[in-house]
There are 2 protein chains.
Amino acid sequence: METGRSLMDAVRERCGRCAGRSVSICNAIDDNDLPVLVAESSRVTVPAGRCFIEEGAPAHDFYVLTGGRARLFSLMPDGRRQIIGFAELGDFLGLASSDSYAFTAEALGDVNLCRFPHSSIDRLVERFPRLRCRLQQEASGELVKMQARLMLLGRKTARERLASFLVEQAVPCCAHGRAVKDEHGPLTLPLPMSRTDIADYLGLTIETVSRTFGLFKKEGLISVKGASSVTLLAPGTLSSIANGIRQG
Amino acid sequence: METGRSLMDAVRERCGRCAGRSVSICNAIDDNDLPVLVAESSRVTVPAGRCFIEEGAPAHDFYVLTGGRARLFSLMPDGRRQIIGFAELGDFLGLASSDSYAFTAEALGDVNLCRFPHSSIDRLVERFPRLRCRLQQEASGELVKMQARLMLLGRKTARERLASFLVEQAVPCCAHGRAVKDEHGPLTLPLPMSRTDIADYLGLTIETVSRTFGLFKKEGLISVKGASSVTLLAPGTLSSIANGIRQG
DNA sequence: GAAATATCTTGATATAAATCAACATATCGA
DNA sequence: TCGATATGTTGATTTATATCAAGATATTTC
């Protein structure tokens with residue numbers, strides 16, 4: 001059974017070591033069934049700055065992000081940009097599309113992906129009904145996040161927006177399920193995106209973002225190392241600011 | 001077969017005459033199978049101003065809106081409100097929730113609904129696999145709309161927001177699939193929501209909404225009858241403004 | 001490792017939209 | 001039908017954030 005053996009090797013290589021295995025939609029599929037997953041998908045590597053989904057282009061594939069981070073955004077004709085989200089490990093991309101993609105996805109650093117053609121997802125879903133539920137769950141979670149972002153963009157102040165952003169970035173760094181509180185002590189986060197990205201994510205200008213970082217620093221809420229790393233010194237206070245409970 | 005006959009009568013009563021039948025998720029189910037749908041759901045009538053979904057409450061049910069309109073919103077602790085959307089005929093409510101609802105739903109006028117407990121949807125989906133696709137499609141469409149709303153709230157001016165709102169309200173009034181253009185001539189829309197609702201939907205204040213209505217009126221883009229009805233005199237121009245192509 | 005370039009921060013000023021305030025119109029209840 | 005209440009409009013002023021403009025750090029390139 002040479003074929004069987006080498007297939008298992010391929011699977012071990014692809015899914016066995018995949019960092020996204022347990023957090024992505026792939027966790028709806030048993031280890032035993034991984035060969036099917038491998039057969040229906042292909043691995044893609046995208047260098048920093050390259051787009052792998054283009055707004056308006058025909059939507060043929062879904063992607064699972066298995067390494068690195070990406071910015072998702074739309075543009076207005078005059079170049080105004082709104083960043084929809086920062087995709088991270090395990091995120092499923094391409095749900096928000098009918099015939100064509102509703103956003104562009106661009107690698108922040110180097111990015112690893114698994115590409116699933118729509119037809120592959122159809123076959124997988126047919127074979128593993130649990131996957132359908134998992135996709136549904138993914139869509140629901142995405143919708144809930146979107147609603148929170150509407151509140152942020154429609155009704156929050158610049159301070160509240162930046163605080164919300166920092167707390168949101170901290171969530172994956174925290175123990176699962178726990179809220180962000182002061183008691184957890186300082187929390188250091190990487191910020192792989194530029195200030196411009198943060199501004200376009202929060203509906204602000206780069207200057208306002210920079211100034212607000214400055215204020216938080218002065219107030220002892222954060223400390224900054226070289227613009228691409230922050231330490232939350234008072235995560236709970238930031239969380240209160242984010243929710244409009246406390247103003248500073 | 002008296003039972004059979006009366007059941008068919010009940011079905012004819014409930015789904016046969018339902019205005020939402022062809023636009024809601026129910027269109028994934030054949031006429032022959034409607035009795036199952038009737039058995040798994042119940043009709044609900046909600047008087048004007050009453051909430052039928054409460055943000056944070058445990059999410060037990062989905063709803064299909066079959067008459068009237070509803071405002072969906074979240075609140076911040078200090079009362080700031082963001083309207084997530086205005087639900088209309090055929091809309092499927094409750095997808096954006098995990099254990100608890102992510103928004104409150106409040107009847108604008110009197111509202112008719114079909115309530116589907118989660119368990120009923122599970123059974124229906126098991127029995128009619130096409131329904132799963134339809135739900136997926138519903139979620140995708142919702143996500144695409146949400147992304148457009150992020151751009152609106154994050155990057156558009158007051159003029160662009162109101163123009164976007166008016167064009168959006170016009171879509172269900174247009175022939176299906178056609179874009180809103182000037183050639184279609186004047187388009188009269190009911191506006192069942194208050195100015196405050198519109199403001200909270202667009203991330204503006206009531207005064208700014210009112211002033212922008214005033215400007216559009218003066219510029220001959222719209223005419224207004226008693227605050228709850230607008231006529232779009234130049235739908236195409238409004239559409240250009242909405243997309244930031246033209247500023248006035 | 002120094003120059004060149006890009007990114008970020010900080011300051012001065014402008015402005016779109018918010019807030020405060022008065023008035024007008026519509027809706028409702030007796 | 002009329003007064004009372006809610007809702008919407010318009011005007012004057014304030015303010016949070018954008019814009020304009022330098023300067024300061026990073027980062028990259030040779």
Side-chain angles (χ1 to χ4, degrees), chain A residues 47-49 71 76 78-82 108-109 152-165 190-219 222-230 241 244 247-248, chain B residues 47-49 71 76 78-83 108-109 152-166 190-219 222-230 241 244 247-248:
Chain A
R71 60 173 84 88
M76 287 180 66
D78 61 1
R80 275 176 282 176
R81 186 176 72 154
Q82 177 64 46
L108 270 169
L152 182 144
L153 293 173
R155 288 300 181 217
K156 289 189 183 179
T157 65
R159 277 177 75 80
E160 290 165 352
R161 292 182 200 202
L162 188 63
S164 301
F165 169 74
L191 291 184
M193 64 291 286
S194 69
R195 292 289 185 266
T196 304
D197 285 338
I198 298 175
D200 285 349
Y201 182 64
L202 299 178
L204 300 170
T205 58
I206 179 178
E207 293 95 332
T208 299
V209 169
S210 192
R211 272 185 255 275
T212 309
F213 264 111
L215 285 173
F216 284 172
K217 235 186 301 185
K218 201 183 304 179
E219 295 166 22
I222 63 171
S223 73
V224 175
K225 270 252 156 77
S228 64
S229 163
V230 218
I241 294 171
Q247 56 122 17
Chain B
R71 61 174 83 87
M76 287 180 65
D78 61 1
R80 275 175 282 175
R81 186 176 71 155
Q82 178 64 44
I83 290 190
L108 271 169
L152 182 143
L153 293 173
R155 289 299 181 217
K156 289 189 183 179
T157 65
R159 278 176 75 80
E160 290 164 352
R161 293 182 199 202
L162 189 63
S164 301
F165 169 74
L166 292 173
L191 292 184
M193 65 291 285
S194 69
R195 292 291 185 266
T196 304
D197 286 337
I198 298 175
D200 285 349
Y201 182 64
L202 299 178
L204 300 169
T205 57
I206 180 178
E207 293 94 332
T208 299
V209 169
S210 192
R211 271 186 256 276
T212 309
F213 264 112
L215 284 173
F216 284 172
K217 235 186 301 185
K218 202 184 300 179
E219 294 167 22
I222 62 170
S223 72
V224 175
K225 268 257 157 74
S228 64
S229 164
V230 217
I241 294 171
Q247 56 119 17

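Residue numbers start from 1 in every chain, and the chains themselves are labelled A, B, ... in the order their sequence lines are given, proteins ahead of strands.
- Atom OG1 of A:T196 and atom CE of A:M193 lie 12.5 Å apart (nearest 0.5 Å).
- Of the options A:V209, A:L204, A:L191, a side chain to side chain contact (heavy atoms under 4.5 Å, CB included) to A:F165 is made by A:L191 and by none of the others.
- A straight line from CZ of B:R81 to P of C:dA18 spans 15 Å, rounded to a whole angstrom.
- For the pair B:D197 CG and D:dA6 C1', the computed distance is 14 Å after rounding to whole Å.
- A search for salt bridge (charged side-chain N to carboxylate O under 4.0 Å, His left out) contacts involving A:R211 returns nothing, not counting sequence neighbours.
- Judged by distance alone, with hydrogens and angles left aside, the side-chain atoms of A:R161 form a donor-acceptor pair with the main-chain N or O of A:L153 at under 3.5 Å.
- Closest approach of A:K217 to A:V224, counting heavy atoms only: CE-CG2, 4.1 Å.
- Here C:dC8 presents its C1' atom at 6 Å from CD1 of A:I206, a figure rounded to the nearest Å.
- Qualifying ring-ring contact (aromatic ring centres under 6.0 Å, His included) partners for B:F213, counting only residues two or more places apart in sequence or in other chains: none.
- Distance B:L202 CG to C:dA16 P: 18 Å, rounded to the nearest Å.
- Distance, B:L191 CG to D:dT9 C1': 16 Å, rounded to whole Å.
- Considering all non-hydrogen atoms of both residues, B:A158 and B:T208 come closest at CB-CG2, 3.8 Å.
- Remark: C1' of C:dT9 and CZ of A:F216 are 16 Å apart, rounded to the nearest angstrom.
- Atom CG in A:L215 sits about 16 Å away from atom C1' in C:dC8, given to the nearest Å.
- The nearest pair of heavy atoms linking B:S164 to B:L152 is CB-CD1, 3.5 Å.
- Counting non-hydrogen atoms under 4.0 angstrom, A:S210 reaches a base of the nucleic acid.
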**Fill in**
Heavy-atom contacts, protein to nucleotides 23-30 of chain C, under 4.0 Å, summarised as B (base), S (sugar-phosphate only) or - (none) per nt, yield --------
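- Between the NZ atom of A:K225 and the P atom of C:dC8 there is a distance of 18 Å, given to the nearest Å.
- If one axis is set at each end of the helix from C:dG1-D:dC30 to C:dA30-D:dT1 from five pairs, those axes are 50° apart, to 10°.
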Distances under 3.5 Å between protein N/O atoms and the N/O atoms of nucleotides 17-23 of chain D, please, pair by pair.
residue, atom, partner, partner atom, Å
D:dT17, OP1, A:A158, N, 2.9
D:dA18, OP1, A:T205, N, 3.4
D:dA18, OP2, A:T205, N, 3.3
D:dA18, OP2, A:T205, OG1, 3.0
D:dA18, OP2, A:T208, OG1, 2.4
D:dT19, O4, A:R211, NH2, 2.9
D:dC20, N4, A:E207, OE2, 3.0

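- With hydrogens and angles ignored, the 3.5 Å screen pairs no side-chain donor or acceptor of A:R81 with any backbone N or O of A:D200.
- With sequence neighbours left out, the salt bridge (charged side-chain N to carboxylate O under 4.0 Å, His left out) criterion links A:R71 to A:E106, A:D197.
- Residue B:E160 comes nearest to B:I241 through the heavy atom pair CG-O, 3.2 Å, listed as atom of the first residue, atom of the second, then distance.
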